[in-house]
Amino acid sequence: MNNKKKNEGQTDFSYYGLYLLDYLRTNKFEQAADAAFIRERADRAAETYEKARLEGYPADGAQELAMDTLLRGLRYSRYAILREVVENEFSDEVPEEKREAFILKLLPLVGNVFSVYDLSDDNFTRAIPAALGKESEHSFHSLARNFALSSDYDLLYTELTGATVLYIVEYGV
């Protein structure tokens, strides 16, 4: 019965729509409440898959291209990055049962830190179509995740760690 309420209003979404909705909700993207956004992205992902298959891509390659279309610009949520910082750096200071509330309270206060960084994946996914040709074994996941390996990500992570320290010193958990 709990699942019925959670899934209410989702029955008209396709596979891609449901995947995107779950992803947006899990990572606290504001687009999670925008059904038109989800439908439009899901439709584009399905079209991308169909076109890739018609062009001879293997099913896995077509799926990777469709997922890239579905998630373009949504790889890194502010919430998920801050959650990673809090879980990795402040597990002793912020008990697990208080983390969600702490992160949600801290998130709007560190918006200025995020504003300096481009969290989109647009610069990291341009190589994907060429890498997913019929004979390629490359995965879009390995190509599109470069932001997390970049020096910008390291700087963002460090700044968020510092901002979190300052918050805890000033206000506690």
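Heavy-atom basis, side chains included; hydrogens, waters and symmetry copies ignored.
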Output yes when a side-chain donor or acceptor of Asp22 lies under 3.5 Å from a complementary backbone atom of Leu18, and no otherwise. no
Identify whether the distance between the nearest side-chain nitrogen and carboxylate oxygen of Arg39 and Asp43 falls below 4.0 Å. no
Walk me through whether Tyr76 and Phe29 qualify under ring-ring contact (aromatic ring centres under 6.0 Å, His included). CA-CA 9 Å; Tyr76 304 101; Phe29 281 99; 9.6 Å; no
Any donor-acceptor N/O pair, Lys28 side chain to Leu104 backbone, under 3.5 Å: no
In Å and rounded to the nearest 0.5 Å, what is the OG to CG distance from Ser151 to Leu156? 11.5 Å
Do Leu166 and Leu160 sit in one hydrophobic cluster, given that two such residues count as connected whenever their side-chain heavy atoms are within less than 4.5 Å of each other, even indirectly? no
For residues Glu89 and Tyr157, is any side-chain donor paired with an opposing acceptor at under 3.5 Å? yes
State, to 0.1 Å, how close Leu74 and Leu70 come at their nearest heavy-atom pair, and which atoms those are. CD1-O, 4.1 Å
Is there a donor-acceptor pair closer than 3.5 Å between any side-chain N or O of Thr69 and the backbone N or O of Thr48? no
Between Glu96 and the options Glu100, Arg99, Lys98, the side chain to side chain contact (heavy atoms under 4.5 Å, CB included) test singles out Arg99
Side-chain donor-acceptor distances from residues 30-38 under 3.5 Å, at least two apart:
residue, atom, partner, partner atom, Å
Asp34, OD1, Ala36, N, 3.3
Asp34, OD1, Phe37, N, 3.1

Compute whether any side-chain donor of one residue and acceptor of the other, for Tyr117 and Glu159, lie under 3.5 angstrom apart. yes
